[in-house]
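To start, the structure itself, in structure tokens.
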Amino acid sequence: MAEFLQAAIIGISLGAQYALLALGFTLIFGILGVVNFSHGGFYMLGGYVAYSCVAGLGLPYPLAVIVAVLATAALGWVFELFLLERLVDDHLATLMLTLGLYLVISTGLLTIFGPLSMEFAFPVTGALHLGSIYVPRENLIVLVVCLAAIAALWLVLFRTDLGRGLRALANDRAVAMAQGLRPKLLFPLAFAIATGLAGLTGALVTPILSLSPGVGDPVLATSFLTVILGGLGSLEGAALAAFVVGIVEAFTSVYFGGSIGALVLFVLVLLLLAFRPTGLMGRTVRGA
Amino acid sequence: MTELRVESLAKRFGGLRVFQDISFNLPEGGLLGVIGPNGAGKTTLINVISGRQSASGGRVILDGRDITNRPAHAVSRLGLARSFQQTNTFKNVSVSENIARAIRFGGRGAPVGLDRMLDAFGLTPRLGEISDKLPYGLQKMLGLVMAFATSPKILLLDEPAAGLERTERQNVDTFVHNARQAGASVLIVEHDMDLIRRLCPRILVLDAGVLLADGPPAVVLARPDVIAAYLGETEETA
Amino acid sequence: MRKQIRLLGWTELVALLLLATGFVVPMYTRSVLVYSVLNQIFVGVIAAESVWIMLRMNLLSFATPAFMAIGGYTVAIAGQHDITDAFAMTAAAFILPALVAIPLGALVLRLRGTYFVLVTFVLSQIMQLLLFETPGLTGGSNGIAGVPPVTLLGTEMGSNRLVLQFACGLAILATLITGLLTRWFRQHFAAIEENEILAESLGLVVWRYKAMGFVVAAGIAGLAGYSLVNMLLTAHPSSFDSSTAVDFIAYTIIGGRLSILGPVLGTGALVYATNLFGTHGQYAQGLYGVLILVVVLAARGGIVGTIAAVWRRVS
């Protein structure tokens, strides 16, 4: 029973991290129609910026996390405004642009920080013992921050005019523009919010997992699995699927060990595509 | 009997209703006009019938066979072709290559009367030109001819006259006459009221996603509710 | 009215001719570096052609390393059982990945193109895990070492020269298959690339052609895996790392997607450039990234397209 609860807690905390990544990814896809291959790059960048602030500038960790969010959001904003914006209607071109950016980010980090893992430890250690269950404090803190960020994103998207505008653009760009919404303003903003979320996740999670050039690839793969599972473009689906992915990973690694979890998830995704191609909560996907 | 029957067809996007409870019949050899103000759901209606978009409810029946939500290529193979509102051709290749592709993808061979149609629109001497370089009016006609080149039994035309010069609109009449001579029934969505009046013996009026009226133009266009739906759209009815 | 479809055009012939120079190189040099670069180019060209086939239909495939792994491990496992016949192995390295691609393609290619990109990306990650998780079959993290060299008509292709010439032969074969496929379905692929919605509304069963391309592309990638294993005489998971998918995509996009000369010239140029980095090969990806940005923003035709544009301006 303890083992079960333990796995559940790990799963939920993984799920919260994946949700932040997948929500950002979905936001970009839903609103701009862009598949963001640089998402893992912004995750890495968030980690490295936070690391530099702590190790280089001696900033306290929470402040470093905030700097990481702002830096990744700013880079995302600039990239969208000056490069992506020109070709935003060409799916293949935008995909390749984000791929190019990812290569530039990861090679840049490799050049500056070298190929080895950074010694970047979470400032809070120790664990809570609840009966026979053992929960590391760091995981708990990450979980709380992630859930808070998800809640904040939800409030912005569903309770503010900005959010209504963004969701309208995602629903039907032509109709939204006819109603006076301005993609020129909202596209870079949406991209910045999403990359900022990826940066936040990186700043929070890399001290616990690891920080080296190349941690972006698996992050991207997990985001992809999550958004396919949730249904491309569906925010609710992405959030739900992220927790499914996190929990499946946690339970398979506790009970089977190794990387069976990823295989199980992939098979799950293929079955889903065969029988319910819209994903858990997606819309019609047939055609181009 | 090649007949298109639409029964209680509905389309929603999320919570947004595009149209609902649309029912009508297009009998073999028939010619039907569909009019309505902007945003009435006319293009979406064509998209749903032709399988481009999925239906939220109701049925589309072609020759007694339920084709609702069949993919676009399957609907085309069953003999229902559609044209697009914007010019829609393969832009980087010649006129003749465009037509060759339409014939090939349609899979029923070239229809009788294709050459006559190309002649009528002045496309024959321009077969070697890249379609994107043609004047707008000719690109638009090429799009129509491509739909016809699949040898359809039913043709759905989405605003064939939109963007054409007044003098070019006669080409749409020619197209419709030739297509019907070749045995196709035609449904035509159009804003140009003159064109609708002179071509269509029967019209449907769509307003805000519901079917407002169905009948001969002289009767339908005199109805107060139809006139009311068109208030504020005076330039279209001119 | 229908244009005559030629089996191969001049671009394919030029590509074949360029590759064929690999046969004569061993007559002029024994430089290990030249051999190594050429071998890498021959493997890379095949892999890039696999990417290029899908790019003809506006689809970006990250699955190349996964299908390379199937082809490569097939040959390595057969080698363990002393099966080394070149013809049988070439057929197996092509057919097995193609068979795996059939159900996958049928499943994914009915959906929006985006799904294809995402699924192929995840697929090559999954293939890595599969290689590690099946030590009984693939040797797990050790891979399969000591794969015997291939035998062609009774001759063991063991020497450096013969390995190079065999890799050259495989690259020519892959280019022939790719050229024939893309010429044969030229109209269909071009229609899908230019205007998929129109093509479908005219009656083209778009997903079927995409699936067909995907299956052949998988087979071609299998040949690349075969060539790689034959060069290294080892099948190791690191040879089929999912990140190499990006390299093959870079070769194709930077070379130019308009003709088959793109993947050939792009692979040649980038493999050569990567070797200039010497032991710092990992930095080459940064170069790829910058070049991809440049090509997408400023020079859509890539190397080949730019050469063609310059040529047109001059003449």
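Here is how names work: the chains are called A, B, and so on, in the same order as the sequence lines, proteins then strands, and each is numbered from 1. Side chains are part of it too, since the values below use all heavy atoms of this structure and drop only hydrogens, waters and symmetry mates.
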### Query
With a 4.0 Å cut-off, would you call C/E193 and C/R257 a salt bridge?
yes
#### Entry: Segment of A/L97 engaging chain C (4.5 angstrom heavy-atom cut-off)
both
### Query
Which answer fits C/L104, side chain, backbone, both or neither, if we ask what part of it has an atom under 4.5 Å from a heavy atom of chain A?
side chain
### Task
Give a yes or no on whether the ring-centroid distance for A/Y51 and A/F120 is below 6.0 angstrom.
yes
### Task
Sort C/F62 into side chain, backbone, both or neither according to what part of it lies under 4.5 angstrom from a heavy atom of chain A.
side chain
#### Entry: Contact winner vs chain A - C/A284, C/P103, C/G289, heavy-atom pairs under 4.5 Å
C/G289
### Query
What option among C/I292, C/V294, C/N58, C/V296 has the most heavy-atom pairs under 4.5 Å with chain A?
C/V296
### Summary
The side-chain hydrogen bond (donor to acceptor under 3.5 Å, both in side chains) partner of A/Y102 among A/D217, A/T107, A/N36 is A/D217
### Part of A/L95 lying under 4.5 Å from any heavy atom of chain C
side chain
### Message
At a 4.5 Å cut-off on heavy atoms, which part of A/I105 comes close to chain C: side chain, backbone, both, or neither?
### Response
neither
### Task
Check the pair A/F42 / A/F25 against ring-ring contact (aromatic ring centres under 6.0 Å, His included), numbers first and verdict last.
CA-CA 11 Å; A/F42 284 98; A/F25 186 88; over 10 Å; no
### Query
Measuring heavy-atom distances to chain A, does C/I249 have an atom under 4.5 Å in its side chain, in its backbone, in both, or in neither?
side chain
### Task
Would you name the heavy atoms of A/S212 and A/M44 that are closest together and state the gap between them?
O-SD, 4.0 Å
### Query
Is a donor on one side and an acceptor on the other found under 3.5 Å between the side chain of C/R300 and the backbone of C/G305?
no
## Note on the structure
With chain C, the option among A/L220, A/L265, A/T94 that has the most non-hydrogen atom pairs under 4.5 Å is A/L220
### Task
Measure distances from C/L55 to the heavy atoms of chain A and classify the residue's part below 4.5 Å as side chain, backbone, both or neither.
side chain
### Message
For a quick test of reading the model, state the closest non-hydrogen atom pair linking A/S106 to A/L103 and the distance between them.
### Response
OG-O, 3.3 Å
### Summary
Of all heavy-atom pairs linking C/V304 and C/S259, the shortest is CG1-OG, 4.1 Å
### Query
Parallel, tilted or perpendicular for C/Y73 and C/F240, by the 30°/60° rule?
tilted
### Query
Does any heavy atom of chain C fall under 4.5 Å from the side chain of A/L110, the backbone, both, or neither of them?
both
#### Entry: Part of A/V269 lying under 4.5 Å from any heavy atom of chain C
neither
### Query
Can the ring centres of A/Y18 and A/F243 be said to be less than 6.0 Å apart?
no
### Query
Which atoms of C/V119 come close to chain A, meaning under 4.5 Å heavy atom to heavy atom: side chain ones, backbone ones, both, or neither?
both
### Message
Using ring centroids (six-membered ring only for Trp), state whether A/F113 and A/Y48 fall under 6.0 Å.
### Response
yes
### Query
Given a strict heavy-atom distance threshold of 4.5 Å, which part of C/S124 is in contact with chain A: side chain, backbone, both, or neither?
neither
### Query
What part of C/Y288 gets closer than 4.5 Å to chain A, counting heavy atoms only: side chain, backbone, both or neither?
both
### Task
Below 4.5 Å from any heavy atom of chain C, which atoms of A/L99 appear? Answer side chain, backbone, both or neither.
side chain
### Task
Check whether C/I253 gets within reach of chain A through its side chain, its backbone, both or neither, counting any heavy atom under 4.5 Å.
side chain
#### Entry: chain A contact via C/Q125 - which portion, at a heavy-atom distance below 4.5 Å
side chain
### Message
Which one wins on heavy-atom pair count under 4.5 Å against chain A: C/L291, C/L123, C/V206?
### Response
C/L123
### Task
Before accepting this row, confirm whether a basic side-chain N of the pair A/E80/A/R86 lies closer than 4.0 Å to the acidic partner's carboxylate O.
no
